[in-house]
Amino acid sequence: MSPTHGGEAHRRIPPIQCLLTFEALARLRSVTQTAEELCVTPSAVSHRVKQLEQIIGTKLFGRADFSLTTEGSEYLAHVREGLARLQKFPSAGGSSGRRKLRFAVTPTFARSILIPRLRQFTDAYPEIDLTLQVAIPLLDVVAEDADLTIRFGTGRYADVEHVLLMKDEITPLASPAFVREHGPFESPLALEGQPLLRSPLEPWRTWFAAHALDWPEPADGSQFNDVGLTCDAAAAGMGVALVRQKLAAPWLERGTLVRVFDPLTSPAVPSPHAHYLCWRTGLMDRWECAAFADWLRKAVA
């Protein structure tokens, strides 16, 4: 067998957790009872069965009562035979079977996007121990031992495989008190003379150009290399920040930041950069990496 064919065969082997869940659900015909037996949540049961069906490319259960399809019955026989063989094999040192996944993520993406959704993943995959590490690749702050990494940039990464995760739009934000004191802000020209907070992560020139302002990039004033710090500074009344709307969602929802301009007269501008999920070649052969990548893409869609 050639190496290529061998790699394809390896990728078709489903995770053992999916096989155990399928066998239990076929036997118990109840998601609740299966979840109790395996000490996982009902959503984890459903997710694992769906994952298994996607991997093997066939429907295993009927729609209503968890009766097996013809293919499901045939597959169940193979699964039970395989599990029986594994149960007879001596335990290799009593390993818990837990998987480790190291994820390097930019700070504000973690706080604004990932953490509010992360319990969905840990509920679905309680056997995966996730370690989060802070990384800002644009500023050469990296976590070299990470399995998966979030990068914010152009998407031209020759050193890693990657997929587009999330686009965003930028708009000026400030505290409500700042807007009341320095407004009204009826047109982009109203920013002239105002303190503009700076960040290498989001230069003002993109927004200036989109609004036909022939202004240079601000050279003076406070500067921050983290989006969250920029938002905190703006919320404290230090000036106007140019921020991505999805990352600024917690501040906007709390009301500590507001849009400086009416979106009807001064709409948000697409950021020239985006968030990408990156990994080294071969990493997606590990099922925990593939499962997290698939979940994350759907969670932020």
(Q) With rounding to the nearest 0.5 angstrom, report the CZ to CG distance, R297 to L164. (A) 8.5 Å
Q: Please confirm whether the backbone N or O of D123 pairs with a side-chain atom of T41, one donor and one acceptor, at under 3.5 Å?
A: yes
Q.
Pair R259, L173 - check side chain to side chain contact (heavy atoms under 4.5 Å, CB included), show working.
A. CA-CA 5 Å; R259 293 183 59 133; L173 303 177; 3.9 Å; yes
Q. Is there a donor-acceptor contact under 3.5 Å from the side chain of D147 to the main chain of L101?
A. no
Q.
We want to know whether S30 and T32 form a side-chain donor-acceptor pair, criterion being a heavy-atom distance below 3.5 angstrom.
A. no
Q) Aromatic rings F121 and W295: how do their planes relate, parallel, tilted or perpendicular, breaks at 30° and 60°? A) tilted
Q.
Looking at R27, I'd like to know if its CZ atom is crowded, meaning that more than 12 non-hydrogen atoms belonging to other residues, nucleotides or ligands lie closer than 6.0 Å.
A. yes
Q. Between R80 and E23, is a salt bridge (Lys or Arg N to Asp or Glu O under 4.0 Å) present by the stated rule, with each step listed?
A. CA-CA 7 Å; R80 284 179 171 163; E23 190 283 328; 3.2 Å; yes
(Q) Hydrophobic clustering (ILVMFWY, side-chain heavy atoms < 4.5 Å, transitive) - are V105 and I128 grouped together? (A) yes
**Q.** Shortest non-hydrogen contact from L68 toward F22
**A.** CD2-CE1, 3.7 Å
Q) Quick one: CD1 on I150 to CG on L165, what's the gap to the nearest 0.5 Å? A) 4.5 Å
**Q.** D232/R111 salt bridge by N-O under 4.0 Å criterion
**A.** no
(Q) Walk me through whether T108 and R244 qualify under side chain to side chain contact (heavy atoms under 4.5 Å, CB included). (A) CA-CA 11 Å; T108 311; R244 283 163 259 153; over 6 Å; no
**Q.** Backbone N/O of D226 and side chain of T230: donor-acceptor pair under 3.5 Å
**A.** yes
Q.
Just verifying a value: how many Å separate Q17 CD and L52 CG, rounded to the nearest 0.5 Å?
A. 11.5 Å
Q.
For Q245 versus D168, what's the shortest heavy-atom pair and its separation?
A. N-OD1, 3.4 Å
(Q) Tell me the closest heavy-atom pair linking N225 and P200, and the distance in Å. (A) CA-CD, 4.3 Å
Q.
Are L196 and P172 packed together at the side-chain level, in the sense that at least one heavy-atom pair is separated by less than 4.5 angstrom?
A. no
Q: Find out whether K50 and Q54 are in side-chain contact, i.e. whether some heavy atom of one side chain is under 4.5 Å from a heavy atom of the other.
A: yes
Q | Centroid-centroid distance, F109 to F152, less than 6.0 Å | A | no
(Q) Enumerate the ring pair (Phe, Tyr, Trp, His ring centres under 6.0 Å) contacts for residues 211-248, please, sequence neighbours excluded, ordered by first and then second residue. (A) W207-H211, F208-W215
Q) Do the side chains of V79 and L20 join up, straight or via other hydrophobic residues, at under 4.5 Å, putting them in one cluster? A) yes
Q) Would you say P272 and E202 make side-chain contact, with heavy atoms under 4.5 Å? A) yes
Q: Verify the neighbour count for atom CZ of R156: are there more than 12 heavy atoms of other residues, nucleotides or ligands below 6.0 Å?
A: no
Q) Is F178 close to L257 at the side-chain level, that is, under 4.5 Å between some pair of heavy atoms? A) no
Q. Under 4.5 Å between any side-chain heavy atoms of P14 and I56, yes or no?
A. yes
(Q) When you compare the side chain of L191 with that of W204, does any pair of heavy atoms fall below 4.5 Å? (A) yes
Q: With sequence neighbours excluded, tell me which residues meet ring-ring contact (aromatic ring centres under 6.0 Å, His included) with F103.
A: F292
Q | Any side-chain heavy-atom pair of T154 and H273 under 4.5 Å | A | yes
Q: Quick one: pull up CZ in R117 and CD1 in I115 and give me the separation to the nearest 0.5 Å.
A: 11.0 Å
Q. Can you get from L197 to V240 by hopping between Ile, Leu, Val, Met, Phe, Trp and Tyr side chains that sit under 4.5 Å apart?
A. no
Q) How many angstroms lie between CG in L28 and CG in L38, if you round to the nearest 0.5 Å? A) 8.5 Å
Q. Can you name the closest pair of heavy atoms from A293 and M284 and give their distance?
A. CB-CE, 3.5 Å
Q.
Does L213 form a side chain to side chain contact (heavy atoms under 4.5 Å, CB included) with L189? I'd like the steps, not just the answer.
A. CA-CA 8 Å; L213 296 174; L189 288 171; 3.6 Å; yes
Q. Would you say the side chain of H78 lies within less than 4.5 Å of the side chain of L19, judging by non-hydrogen atoms?
A. no
Q: Measure the spacing between CG of L60 and OG of S67 and express it to the nearest 0.5 Å.
A: 11.5 Å
Q: Give a yes or no on whether a salt bridge exists between E71 and K59, defined as a side-chain N under 4.0 angstrom from a carboxylate O.
A: no
Q. Is there a path from L252 to F185 through hydrophobic residues (I, L, V, M, F, W, Y) whose side chains come within less than 4.5 Å of each other?
A. no
Q: Taking all non-hydrogen atoms of both residues into account, name the closest pair between G239 and A174 and its distance.
A: O-CB, 3.9 Å
Q. Once the angle between the rings of Y125 and W287 is folded into 0 to 90°, is it parallel (under 30°), tilted (30 to 60°) or perpendicular (over 60°)?
A. tilted
Q. Should we count CG of D159 as having more than 12 external heavy atoms under 6.0 Å?
A. yes
Q: Please name the pair of heavy atoms, one in P203 and one in L242, separated by the smallest distance, quoted to 0.1 Å.
A: O-CD2, 3.5 Å
Q | Worked verdict on Y157 versus C278 for side chain to side chain contact (heavy atoms under 4.5 Å, CB included) | A | CA-CA 9 Å; Y157 307 125; C278 306; 4.0 Å; yes
